[in-house]
Every structure is written in structure tokens, then in C-alpha cells.
Amino acid sequence: MAGRQMAVAGRQIAVTGRQITVVGECVADAFVERDGARPGELALRVLPGGGPANTAVALARLGTPTRFVGRISADPFGALFRAHLAGSGVDLTGTVTATEPSTLAVAALDDDGRAEYSFHAEATADWQWTGTELATARQDGSVCLHTGSLALVREPGGPRIEDLLAAARPHTTVSVDPNVRPLLVDPDTYRQRLDRWCALADLLRLSEDDLHTLLPGTAPEDACDRWHAAGARLVVVTLAERGALASLDGHRIRVPAPATPVADTVGAGDAFTAGLLHSLAAQGHLGGRLDSLTPADLEHACTFAARVAARTVAVAGANPPWADEL
């Protein structure tokens, strides 16, 4: 597909690499508006979000053919999700139209642009996967299957997505972003499953906040070694304004974060993951166990990913850049 042009949202996007499939949730991010509410009211601005959906949008905007496999509600939030994904060029043929309601996250931003969430997620559409619904993603020609966040850890769908990863692994690279949400899921649940995810994953991407929650007091380098031992060849820990640490079979690479004004940090990690996968795909490293990946190629990919994340934090909400903006 290299060199093909695709028209999306009035833009001509250069499509590069082969398809990546993203499995997971869409979440309605309702941001508390500090200004504009009348006395006795709470004003909310609702934007489409959810870690996997954010990653799919960012990948497609960068020019990677991207397929999203999610359970999207038939409610008004679901219509918002579909318009956002499709408008960014994401293939939605793998989505399920669900009867359950959408997941809602109410976010309040602090003075540094960091979001504190409260979730409304019981019996919502995103977690109710059946094996039949997920079968569409088993062998769809993708070079990479990316998942994580709440859909991978919530019942009953989480174990079924794990089964999907095991089934897809012989013919695709597996990428996992745990995206730990301790207010909604007990961190011990992540700890109990993380070794299993590492055994299935070629690439594990976590934030520094995730690391502090899962392994308090552990240095990023020591955490990388622990997760290598569990099976993940490539571990990347994003460090906010300090850039990122990548470890490929124990070979460490650090990349800085570009200096940028911060509107908020919503979706920054998802954008980094998308930039990383996009670059690895464009370099021809996806489709197997990352056997051809060199430290130099990894540094190039992480540097590009840091640029994508920086452009995302410079604007409000999970609104990653298009390729022509980079």
C-alpha cells in the first residue's frame, strides 16, 4: 500500500505500510467546563475517547491503514464515536453495534492539564465481547494487533481478547498498552494478568503513572527487565516531559520529549503508541516477533512517536495530528 493516496476529511493522506488492527473500547470523555455554567449547573463538554479508539484514530491520521474492532453502542455517544473514527479514516467493518449503553468518563483537569477521571462503566457495551464477535479479527491480514486498556481487563470480554491475542500471534505482531485505571479496576487485577500479557505481547507500552501503580518504587529499567523475563521483547515506558525509555531485549534507548506548550495530557500515551507502531510498520518491522528491529530503527521510531505525542498535548482533548501537520 506504500505510496497510495487516500482522501479523508478533505485531506490527501499518504497511506504507508500494511494494516494494523486495534481492539478495545470507545469512551465518552465528558470534561468539566470551568467557565460557562450557570449557578446550580455543571457544564460538560463531551469528546470521543478511550485508549484503543484514540490509538486507532492517531494511526489512521498518520497514514497507516487501520481497522478498529470495538463494541459501539447504538446510543448518541456511539454515533459520536463512529463519526470520529470514520472521519479519521478508520475502517469500522469489524465493529459491533451493541444494545448496551456507552461507557462514560467524567474528567476534571488540574492546573497542569492532567485529567482526573470518574467512570460510569457498569454493564456498558465495551466489555461484553463474545468469541464469535472477536473472530473477525483473528486473521484479517493485519501485520499488528494492538489492544489494552479497560477492554483487556474487564469481565467478561477481557479473557476473550486474551484468547484472540494467542490465536493471532502466529501471524501478527502483538502490542499491548495496559493503560491502568485504578479507580475502576483494582491494580492487583492488572498485576495478576500482566505476566500473561507479556507472554503474548511483542511490544508492551506503559506510562510512568502505570509503572508507579503496578510496581511502586521500581525504576523503569528494572521494570523493563522484569517484563522482558515474562516474555515481552520490546518494552517502552513513556515519561511525560522527560521523553521515553525503550528497552529491546535489554538494550536501552532514551529519547527526549520535544518542548511544547501543554493544553492537556489527554490521549498523549495513545498518540505515542500510534506513532511508534506507525513508524515500525513503515520500516517493515511488524508482522512477526520484531526480529529485524535494530536499536537505531527503534530510536527513530520512538523519536517520531514523541513528536506525535507532543503535538497531541498541545491541543485540547485526544486530538492527534494528521500526517501533513508533522
Side-chain angles (χ1 to χ4, degrees), residues 2-3 6 8-9 11-17 20 22 49 51-66 88-90 112-115 144 146 148 173 175 177 179 203-210 220 234-248 251-286 290 293-326:
M6 180 173 64
V8 181
R11 300 168 182 263
Q12 287 294 322
I13 301 298
V15 177
T16 59
I20 291 177
V22 180
N54 293 341
T55 301
V57 165
L59 276 167
R61 290 184 179 186
L62 291 172
T64 294
T66 305
S88 296
V90 177
D112 295 322
R114 298 172 68 90
C144 179
H146 172 76
T173 302
S175 169
D177 176 358
N179 200 9
L203 190 164
L204 179 72
R205 203 287 302 178
L206 305 95
S207 69
E208 189 172 34
D209 287 344
D210 294 337
L234 174 58
V235 180
V236 181
V237 182
T238 49
L239 305 168
E241 69 278 1
R242 292 183 288 112
L245 167 70
S247 183
L248 177 63
H251 186 106
R252 319 285 197 218
I253 293 166
R254 283 188 175 268
V255 298
T260 185
V262 177
D264 64 50
T265 62
V266 177
D270 307 321
F272 184 99
T273 300
L276 178 63
L277 292 175
H278 171 81
S279 182
L280 293 177
Q283 294 180 71
H285 292 304
L286 300 184
L290 302 176
L293 182 59
T294 66
D297 289 346
L298 175 58
E299 183 174 9
H300 174 79
C302 288
T303 299
F304 177 78
R307 289 174 55 207
V308 177
R311 289 299 298 266
T312 303
V313 302
V315 298
N319 187 15
W322 295 80
D324 59 8
E325 295 174 336
L326 295 169

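In this chain, residues are counted from 1 in sequence order.
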Notebook entry, point to check: With sequence neighbours left out, what residues match Ala257 under side chain to side chain contact (heavy atoms under 4.5 Å, CB included)?
Noted result: none
Note to self: Working to the nearest 0.5 angstrom, can you tell me the gap between Ser175 OG and Ile20 CD1?
What the structure shows: 8.0 Å
Note to self: Per the side-chain hydrogen bond (donor to acceptor under 3.5 Å, both in side chains) rule, what does the pair list look like for residues 235-246, sequence neighbours excluded?
What the structure shows: Arg205-Thr238, Glu208-Arg242
Scan the side chains in residues 56-65 for donor-acceptor partners under 3.5 Å anywhere in the protein, sequence neighbours excluded, and list what turns up.
unit_1: Arg61; atom_1: NE; unit_2: Ser88; atom_2: OG; d: 3.1
unit_1: Arg61; atom_1: NH1; unit_2: Asn319; atom_2: OD1; d: 2.7
unit_1: Arg61; atom_1: NH1; unit_2: Pro320; atom_2: O; d: 2.7
unit_1: Arg61; atom_1: NH2; unit_2: Ser88; atom_2: OG; d: 3.4
unit_1: Thr64; atom_1: OG1; unit_2: His278; atom_2: ND1; d: 2.6

Check: Taking all atoms of both residues into account, what is the closest heavy-atom pair of Leu293 and Leu248, and its distance?
Finding: O-CD2, 3.6 Å
Item checked: Shortest non-hydrogen contact from Thr265 toward Val313 -> CA-CG1, 4.1 Å
Item checked: Spacing of Leu234 atom CG and Leu203 atom CG [to the nearest 0.5 Å] -> 4.0 Å
Next item on the list: May I have all residue pairs that pass ring-ring contact (aromatic ring centres under 6.0 Å, His included) and include part of residues 307-326, sequence neighbours excluded?
Entry: none
Check: Which residues satisfy the side chain to side chain contact (heavy atoms under 4.5 Å, CB included) test with Asp264, sequence neighbours excluded?
Finding: Leu109, Val266, Ala316
Item checked: Closest contact, heavy atoms only, Gly89 versus Val8 -> N-CG1, 3.5 Å
Next item on the list: Go through Ile253 and Leu245 one step at a time and tell me if the side-chain contact (heavy atoms from CB on, under 4.5 Å) criterion holds.
Entry: CA-CA 6 Å; Ile253 293 166; Leu245 167 70; over 6 Å; no
Note to self: Working to the nearest 0.5 angstrom, can you tell me the gap between Thr173 OG1 and Leu277 CG?
What the structure shows: 9.0 Å
Item checked: All side chain to side chain contact (heavy atoms under 4.5 Å, CB included) counterparts of Asn54, not counting sequence neighbours -> Asp270, Ala318
Next item on the list: Keeping to residues at least two apart or across chains, list the salt bridge (Lys or Arg N to Asp or Glu O under 4.0 Å) pairs with something in residues 313-326.
Entry: Arg11-Asp324, Arg11-Glu325
Check: For Arg254, what residues pass the side chain to side chain donor-acceptor pair (under 3.5 Å) criterion, not counting sequence neighbours?
Finding: Glu221
Next item on the list: Quick one: list whatever passes side chain to side chain donor-acceptor pair (under 3.5 Å) with Thr303, sequence neighbours left out.
Entry: none
Check: Taking all non-hydrogen atoms of both residues, which atom of Pro220 and which atom of Leu239 are closest, and how far apart?
Finding: CG-CD2, 4.4 Å
Notebook entry, point to check: Can you name the residues that form a side chain to side chain donor-acceptor pair (under 3.5 Å) with His285, not counting sequence neighbours?
Noted result: Ser292, Asp297
Notebook entry, point to check: Which heavy atom of Leu298 sits nearest a heavy atom of Ala246, and at what distance?
Noted result: CD2-CB, 3.9 Å
Check: Taking only residues two or more places apart in sequence or in another chain, which ones pass side chain to side chain donor-acceptor pair (under 3.5 Å) with Thr260?
Finding: none
Note to self: Could you measure the distance from the CG atom of Leu276 to the NE2 atom of His146? Nearest 0.5 Å is fine.
What the structure shows: 10.0 Å
Item checked: Close side-chain approach of Asp177 to Leu204, heavy-atom, < 4.5 Å -> no
Next item on the list: Specify the closest pair of heavy atoms between Phe272 and Cys302, including all atoms of both residues, with the distance to one decimal.
Entry: CE1-O, 3.9 Å
Next item on the list: Applying side chain to side chain contact (heavy atoms under 4.5 Å, CB included), name anything that partners Ser279, two or more places apart in sequence or on another chain.
Entry: Gln283, His300, Ala301, Phe304
